[in-house]
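Reminder, nothing fancy here: chain letters follow the sequence lines and each chain counts from 1. Computed from heavy atoms alone, side chains included, the values below leave out hydrogens, waters and symmetry copies.
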Number of protein chains: 2
Amino acid sequence: MAENISSAVIGRLPRYYRYLGDLKEAGVVRISSQELSKKMNVTASQIRQDFNNFGGFGQQGYGYNVELLYNEIGKILGLDKNFNMIIIGAGNLGQAIANYKDFDRRGFKLVGIFDVNPKLEGLSIRDIPIMSIDKLESFIKEHNVHIAALTIPKLHAPAIAKQLVDYGVKAIWNFAPVDLNLPEGFIVENVHLAESLMQLSYALTASERDSN
Amino acid sequence: MAENISSAVIGRLPRYYRYLGDLKEAGVVRISSQELSKKMNVTASQIRQDFNNFGGFGQQGYGYNVELLYNEIGKILGLDKNFNMIIIGAGNLGQAIANYKDFDRRGFKLVGIFDVNPKLEGLSIRDIPIMSIDKLESFIKEHNVHIAALTIPKLHAPAIAKQLVDYGVKAIWNFAPVDLNLPEGFIVENVHLAESLMQLSYALTASERDSN
DNA sequence: TAGATTGTTAATCGATTAACAATC
DNA sequence: TAGATTGTTAATCGATTAACAATC
């Protein structure tokens with residue numbers, strides 16, 4: 001069905017999903033691409049093009065059924081499935097992610113947390129045990145781990161990432177400020193906080209320049 | 001000098017900056033666009049085009065001086081300046097950000113942390129006091145706060161964001177899963193973790209589909 | 001049926017890549 | 001000078017927007 005959709009389109013789906021979820025919550029039953037375009041500040045044309053990448057979900061003269069569209073986009077994003085997730089690195093960021101109950105609700109089930117620090121072993125976050133990194137291999141091979149969130153320092157991230165691939169993890173959610181260079185086709189989604197802050201810094205700097 | 005550079009270009013600058021920093025660390029003095037293109041997995045043409053948006057930093061027949069280029073990109077990104085930053089919301093994510101010493105090093109100085117929870121008042125993270133949200137207005141007006149990192153739940157984020165704008169903050173680094181809809185031209189940089197995870201989920205789902 | 005709005009094709013715009021003259 | 005590599009123009013590619021026929 002959906003082969004080779006551009007990443008520009010995929011990048012917009014979660015935002016559509018969020019708006020449609022809000023509309024559903026608010027009890028809105030139908031919406032036209034034009035109404036949605038006003039709310040979201042994008043063109044109606046883009047909305048229709050985006051949805052039509054996956055086969056039309058609307059109806060001429062009517063628009064889109066909010067709940068149906070919400071569910072369909074959820075399916076496209078795989079939110080109707082359950083994925084087992086582990087977190088590597090129980091530092092501040094790892095703990096923050098471990099505490100996000102929303103991820104669980106959306107089908108991302110946290111099944112384990114790993115850290116190199118032996119002092120943390122035996123502790124747990126939301127009943128998920130923190131384990132020694134030594135147990136990583138056996139744990140992954142025993143459990144069906146789809147996603148590993150990598151919240152460890154830059155230095156060790158590439159080596160650990162390689163292990164994760166070898167042990168059979170399917171995707172890495174990478175928070176380390178480094179490119180992991182994994183085998184062709186392996187799924188990596190990067191969250192580079194420092195880069196985000198630099199873009200903000202650029203905007204601040206540029207706006208100061210302009211006002212002179 | 002640099003007016004209206006596309007956000008595609010700006011989005012790539014921090015990555016260039018990271019690679020050039022690593023090269024500098026490694027003692028590399030010069031690099032050609034072609035060598036850099038191999039390392040970074042982008043075209044040499046794009047590298048040269050990107051840099052030439054800001055005036056050429058290279059030299060024909062030689063390439064680019066690593067340290068000079070690193071410093072120039074740093075200046076473009078505003079990393080030669082100092083910005084005062086506050087964090088609104090001392091939950092897990094707020095604490096994680098507060099503990100990032102790297103941001104301080106790059107000129108983002110954390111000057112205050114705010115939370116609605118009165119129990120946290122009086123505590124501090126890395127010697128930065130956690131204050132009641134009641135003190136937000138006076139604090140911002142007394143200190144020169146450039147950036148506010150917003151790490152609070154979705155529900156209250158838009159209202160707090162509005163206040164931040166009114167009180168004179170220059171930019172918001174928004175971690176709440178909501179669009180803030182602030183006045184035209186006000187700087188917002190979003191980090192939507194849930195959306196990032198959904199894109200990863202899409203990739204996982206699509207790869208399963210393909211392998212069937 | 002008439003009106004509304006989609007799905008889809010065509011036109012435009014912008015970003016990326018290729019090519020090469022300029023020049024170190 | 002000859003070789004290398006940039007800076008920059010031109011060609012290509014892809015994404016966005018506009019337009020409209022199909023259809024509910």
Is it the case that A/Asn190 and A/Asn174 place a side-chain donor and acceptor less than 3.5 Å from each other?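 Per modelled atom types, A/Asn190 and A/Asn174 side chains form a pair under 3.5 Å.
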
Taking OP1 and OP2 of [N], is either one under 4.0 Å from a side-chain nitrogen or oxygen of [X]?
{"X": "A/Tyr64", "N": "C/dG7", "answer": "yes"}
{"X": "A/Arg48", "N": "C/dG7", "answer": "no"}
{"X": "B/Ser33", "N": "D/dT6", "answer": "yes"}
{"X": "B/Thr43", "N": "C/dT16", "answer": "no"}
{"X": "B/Arg30", "N": "D/dT6", "answer": "no"}

For this output row, return yes or no: ring centroids of B/Trp173 and B/Phe108 closer than 6.0 angstrom.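 B/Trp173 vs B/Phe108: aromatic centres not under 6.0 Å.
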
Does A/Tyr70 have its ring centroid less than 6.0 Å away from the ring centroid of A/Tyr16?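 Here the rings of A/Tyr16 and A/Tyr70 have centres that are no less than 6.0 Å from each other.
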
Taking atom P of C/dA2 as reference, at what distance in whole Å does atom CD of A/Gln60 sit?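 So the two atoms are 19 Å apart, to the nearest Å.
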
With a 3.5 angstrom cut-off on both distances, give the Watson-Crick or G-U wobble partner of C/dT6, or none if there isn't one.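 Checking every strand shown, C/dT6 finds its partner in D/dA21, with both distances under 3.5 Å.
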
Report the base-pairing partner of D/dC13 (Watson-Crick or G-U wobble, both distances below 3.5 angstrom), or none.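 D/dC13 is paired, partner C/dG14.
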
Classify the side chain of A/Gln49 versus the base of D/dT17 as yes if they form a donor-acceptor pair under 3.5 Å and no if they do not.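 Counting by modelled atom types and ignoring angles, a donor-acceptor contact under 3.5 Å is found here.
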
Ignoring hydrogens and angles, answer whether the base of C/dA15 and the side-chain atoms of B/Ser6 contain a donor-acceptor pair closer than 3.5 Å.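 Side chain to base: no pair present.
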
Taking the nucleotide of DNA chain D with the nearest heavy atom to each, does B/Gly56 or A/Gly61 sit closer to the 5' end?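 First, find each residue's nearest nucleotide; the 5'-ward one identifies B/Gly56.
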
For the pair A/Asp102 and A/Arg105, find out whether any cationic side-chain nitrogen is under 4.0 Å from an anionic carboxylate oxygen.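 Salt bridge flag = yes for A/Arg105 with A/Asp102.
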
